[in-house]
Amino acid sequence: DIFKLQGVWPVRGIALATTTLLLLIVLAGVQWVIKLQLALLLMLVIAVADFLIGSLTHTSVALGFLGYSAELMTNNTAPSFGNIDDGKDATEDFFSVFAVFFPTIVGVASGINMARDIRRPERSVPIGTFAALVVSGVLYLLFALVLAGTCERDSLKDDPLMAYRVSLVGWIFLLGLYVSSLSACLGAIYAAP
């Protein structure tokens with residue numbers, strides 16, 4: 001909407017340009033990949049901080065973001081994929097929700113592909129893999145608890161950008177989403193044979 005681009009071809013053009021840029025960075029060498037990954041990590045940390053600070057500093061009742069509440073946490077604790085009783089069709093099940101988490105575990109394993117560029121891979125790879133799993137797990141749990149404790153269930157089900165609404169500065173959170181995708185793409189391109 002910002003650039004008034006319509007249709008699928010502008011999106012494909014941006015995707016092609018981004019992929020080409022990432023490929024050139026990978027071809028420039030592992031030093032450039034690591035530098036870019038560190039910059040992306042810094043942006044991700046800022047985006048997570050934006051989300052956490054936003055959960056404490058404001059609310060938006062009209063959008064279903066009510067602020068921290070034990071009642072909300074209780075209401076959002078039990079699974080609810082959609083029941084016929086409430087007139088809504090079940091659109092999600094365990095496996096469709098699990099599909100959201102699966103790529104992160106696969107992404108953690110991409111660090112193993114950098115073993116050839118590490119001085120002591122026999123020590124660094126297990127530590128790095130375990131640390132990545134722990135950090136990813138903690139972040140997933142933290143986001144789930146914050147959203148469950150601050151937002152109405154229907155808003156969480158109906159609005160895929162609820163975390164964006166909770167964050168203090170929305171565009172910083174969105175930047176974090178894009179940066180996360182770029183980081184995963186960079187890792188995949190680097191790991192390709």
Side-chain angles (χ1 to χ4, degrees), residues 18 22 33-60 63-70 72-81 92-115 118 124-153 155-191:
T18 303
L22 293 176
V33 171
I34 291 171
K35 288 176 186 177
L36 181 58
Q37 289 285 30
L38 289 174
L40 296 176
L41 177 63
L42 176 63
M43 288 186 241
L44 282 172
V45 168
I46 292 169
V48 170
D50 174 54
F51 172 75
L52 294 175
I53 292 168
S55 74
L56 296 169
T57 59
H58 74 282
T59 61
S60 180
L63 295 173
F65 170 43
L66 308 178
Y68 285 95
S69 161
L72 284 173
M73 183 65 82
T74 302
N75 291 341
N76 290 328
T77 301
S80 172
F81 299 118
E92 305 294 339
D93 59 11
F94 172 79
F95 292 104
S96 65
V97 174
F98 176 73
V100 172
F101 295 98
F102 183 73
T104 60
I105 303 305
V106 173
V108 166
S110 70
I112 295 169
N113 293 320
M114 296 186 85
I118 301 173
S124 299
V125 169
I127 291 172
T129 302
F130 183 71
L133 287 170
V134 169
V135 170
S136 297
V138 167
L139 285 175
Y140 267 112
L141 188 60
L142 182 65
F143 271 69
L145 290 174
V146 168
L147 290 172
T150 60
C151 301
E152 294 176 325
R153 181 183 289 263
S155 297
L156 290 171
K157 284 175 142 183
D158 297 336
D159 187 354
L161 289 176
M162 199 63 200
Y164 161 78
R165 308 211 188 292
V166 171
S167 66
L168 183 62
V169 182
W171 66 267
I172 292 177
F173 184 79
L174 289 178
L175 180 67
L177 288 177
Y178 298 133
V179 162
S180 174
S181 297
L182 282 175
S183 178
C185 290
L186 185 62
I189 292 171
Y190 180 78

If every non-hydrogen atom of Gly64 is compared with every non-hydrogen atom of Ser155, which pair is closest and at what distance? CA-OG, 3.2 Å
So does Tyr68 have more than 12 non-hydrogen atoms from other groups sitting under 6.0 Å from OH? yes
Could you tell me whether a side-chain N or O of Thr77 sits under 3.5 Å from a main-chain N or O of Met73, the two making a donor and an acceptor? yes
Flag, side chain of Asp50 to backbone of Val169, donor-acceptor distance under 3.5 Å: yes
Here the pair of heavy atoms bringing Leu175 nearest to Met43 is CD2-SD, 4.2 Å
Any sub-3.5 Å donor-acceptor pair from Thr129's side-chain atoms to Pro126's backbone N or O? no
Ser180 and Leu44, any side-chain heavy atoms less than 4.5 Å apart: yes
Min side-chain heavy-atom separation Glu152-Asn75 under 4.5 Å: no
Can Leu182 and Leu36 be said to form a side-chain contact (heavy atoms from CB on, under 4.5 Å), step by step? CA-CA 10 Å; Leu182 282 175; Leu36 181 58; over 6 Å; no
Which of parallel (below 30°), tilted (30 to 60°) and perpendicular (above 60°) describes Phe51 and Phe173? tilted
Compare every heavy atom of Leu139 with every heavy atom of Val48, then report the nearest pair and how far apart it is. CG1-CD2, 4.1 Å
List the atom of Gly67, the atom of Leu72, and the distance in Å for their closest heavy-atom pair. O-CD1, 3.5 Å
Supply the atom-to-atom distance Asp159 CG to Arg165 CZ, rounded to the nearest 0.5 angstrom. 4.0 Å
In this structure, OG of Ser167 is separated from CZ of Phe65 (nearest 0.5 Å) by 9.0 Å
How many angstroms lie between atom CD1 of Ile53 and atom CG of Leu168, to the nearest 0.5 angstrom? 6.5 Å
Minimum heavy-atom distance between Asn76 and Leu156, given as atom pair plus value: ND2-CD1, 3.9 Å
List the steps, then state whether side-chain contact (heavy atoms from CB on, under 4.5 Å) holds for Leu52 with Leu142. CA-CA 9 Å; Leu52 294 175; Leu142 182 65; 3.8 Å; yes
Measuring only between side-chain heavy atoms, which start at C-beta, is Thr59 closer than 4.5 Å to Leu66? no
For Leu161 versus Leu174, what's the shortest heavy-atom pair and its separation? CD2-CD2, 4.2 Å
